[in-house]
Amino acid sequence: MKVKRSELAAIAVKKEQYPQDQKAEIAFVGRSNVGKSSLINGLLGRKNLARTSGSPGKTRTINFYDVNDTFRFVDLPGYGYAAVSTMERNRWAVIINEYLHERANLREVFLLLDIRHSPTKQDKEMFEWILQAGFKGYIIATKADKIAKTKVQEECGRLFKEINAKQREIIFPFSSVKKLYTESILNELDRLLEE
Ligand SMILES: Nc1nc2c(ncn2[C@@H]2O[C@H](COP(=O)(O)OP(=O)(O)OP(=O)(O)O)[C@@H](O)[C@H]2O)c(=O)[nH]1
Ligand SMILES: [Mg+2]
């Protein structure tokens, strides 16, 4: 896939604010700071379309990005960010869950995991939900530039085991800093949008 056009289509916290059409949507979920917004920028070849930050809790709304006028990437708030109040965390959880559970446009959900860390309880629960909801269970191992290139496959294998995945082919490494592995993710997106 070649990304020719990308633009912010909507910012939402409740479903009345979601775009009102039938475009297929690909959503990215994961812990705060794992690299969801950076991944979207990387795939789109944009520097700062999705806002990123060194401190967790940057994305607090659902941000919809139109791609080539044919489908959308959906950037969600992260979970598991300890430094905000319980009330704020619950508010984000409601925003995320309402989108994931009720959005008819949602075609696939990608779970992002930091390649250097073990999945948390929340990561495992999210992955279980993704599979049980009938999605394929794509995983993206982010920040792959932080480890040696020769270790990337091994660490992907470890993450894969720790999250209890079953098909070897659905984990992709990614680095937004070194712009590595973008092609394979875009190719997979092509395939799944054609289905
Ligand atoms: N080294 C490295 N740093 C990355 C990579 N991806 C993201 N980061 C950094 O990680 C931090 C968080 O990135 P974001 O993309 O804002 O993370 P997020 O998952 O959208 O975070 P929230 O919006 O808070 O949930 C930023 O400082 C990024 O520069 C990567 O592939 N490699
Ligand atoms: Mg973000």
Side-chain angles (χ1 to χ4, degrees), residues 3 6-13 25-65 67 72-100 108-127 129-130 138-153 155-156 159 163 171-186 188-189:
V3 176
S6 55
E7 62 177 349
L8 180 67
I11 296 177
V13 288
E25 291 173 355
I26 309 289
F28 300 97
V29 299
R31 255 177 296 164
S32 278
N33 212 44
V34 72
K36 298 174 294 297
S37 303
S38 302
L39 169 70
I40 290 178
N41 286 332
L43 295 178
L44 296 178
R46 301 281 300 254
K47 266 214 176 73
N48 207 14
L49 182 64
R51 305 289 300 282
T52 65
S53 168
S55 33
K58 178 67 181 177
T59 310
R60 298 173 175 221
T61 50
I62 307 179
N63 301 333
F64 296 84
Y65 298 98
V67 187
R72 260 184 219 115
F73 283 155
V74 180
D75 193 8
L76 293 162
Y79 49 76
Y81 178 33
V84 292
S85 67
T86 310
M87 213 171 83
E88 183 80 344
R89 265 207 308 279
N90 289 344
R91 213 168 60 81
W92 295 356
V94 169
I95 293 174
I96 299 167
N97 288 336
E98 183 173 54
Y99 174 81
L100 291 177
E108 200 51 68
V109 182
F110 283 68
L111 174 66
L112 276 64
L113 300 171
D114 189 315
I115 199 162
R116 300 164 297 172
H117 304 312
S118 288
T120 63
K121 185 164 169 277
Q122 272 180 305
D123 289 328
K124 289 179 183 171
E125 285 168 4
M126 180 56 84
F127 192 65
W129 179 84
I130 288 171
Y138 288 105
I139 297 162
I140 294 181
T142 63
K143 310 195 183 183
D145 55 279
K146 298 259 195 186
I147 63 172
K149 246 185 160 168
T150 50
K151 291 275 180 203
V152 166
Q153 283 315 317
E155 292 305 297
C156 283
L159 271 179
I163 198 92
I171 184 160
F172 298 97
F174 182 72
S175 164
S176 68
V177 169
K178 298 226 172 122
K179 312 228 178 330
L180 297 171
Y181 316 106
T182 314
E183 280 301 288
S184 40
I185 298 173
L186 286 174
E188 186 62 27
L189 281 170

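A quick note: this is a predicted structure, and the numbers were derived from the prediction, not measured. Both ligands and their constituent atoms are indexed starting at 1 by order of listing.
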* Asked: the Mg ion (ligand 2) to T59: any N/O/S contact under 2.8 Å?
  ->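 A backbone or side-chain N, O or S atom of T59 is under 2.8 Å from the Mg ion (ligand 2).
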So, is S38 placed with an N/O/S atom under 2.8 Å from the Mg ion (ligand 2), counting both backbone and side chain?
-> no
Looking only at N/O atoms, are [X] and ligand 1 under 3.5 Å apart anywhere?
X: S55; answer: no
X: N33; answer: yes
X: F174; answer: no
X: K143; answer: yes
X: P77; answer: no

[X] side chain to [Y] side chain, donor-acceptor N/O pair below 3.5 angstrom:
X: Y81; Y: N33; value: no
X: N41; Y: S38; value: no
X: Y99; Y: E25; value: yes
X: S37; Y: T59; value: yes
X: Y138; Y: E188; value: yes

### Message
I'd like the name of whichever of S32, G30, A144, S38 reaches closest to atom 13 (O) of ligand 1 through any heavy atom.
### Response
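The option holding the nearest heavy atom is S38.
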Nearest heavy atom to atom 23 (O) of ligand 1, choosing from D145, T59, I115, belongs to T59
Which protein heavy atom lies closest to [atom], and at what distance to 0.1 Å?
atom: atom 31 (O) of ligand 1; result: S176 N, 2.8 Å
atom: atom 27 (O) of ligand 1; result: G54 CA, 3.3 Å
atom: atom 17 (O) of ligand 1; result: G35 N, 3.2 Å
atom: atom 26 (C) of ligand 1; result: S53 O, 3.2 Å

Does the side chain of [Y] come within less than 4.5 Å of [X]'s, by heavy atoms?
X: V29; Y: L100; value: yes
X: E155; Y: I147; value: yes
X: R72; Y: Y65; value: no
X: T142; Y: L113; value: no
X: F28; Y: D75; value: no
X: L180; Y: P173; value: no

Within a reach of under 6.0 Å around CZ of R116, are more than 12 heavy atoms found that belong to other residues, nucleotides or ligands?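 More than 12 heavy atoms, drawn from other residues, nucleotides or ligands, come within 6.0 Å of this atom.
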Going by the order shown, which atoms of ligand 1 are within less than 4.0 Å of some heavy atom of [X]?
X: K36; value: 15 (O), 17 (O), 18 (P), 19 (O), 20 (O), 21 (O), 22 (P), 25 (O)
X: V177; value: 1 (N), 2 (C), 3 (N), 30 (C), 31 (O), 32 (N)
X: G78; value: 25 (O)
X: G57; value: 24 (O)

Looking at ligand 1, does V34 have a heavy atom less than 4.0 Å from it?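 Flag set, V34 near ligand 1.
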Relative to ligand 1, is P56 under 4.0 angstrom through side chain, backbone, both or neither, heavy atoms considered?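 Contact part for P56 vs ligand 1: backbone (N, CA, C, O).
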Any heavy atom of K178 under 4.0 Å from ligand 1? The part involved is neither
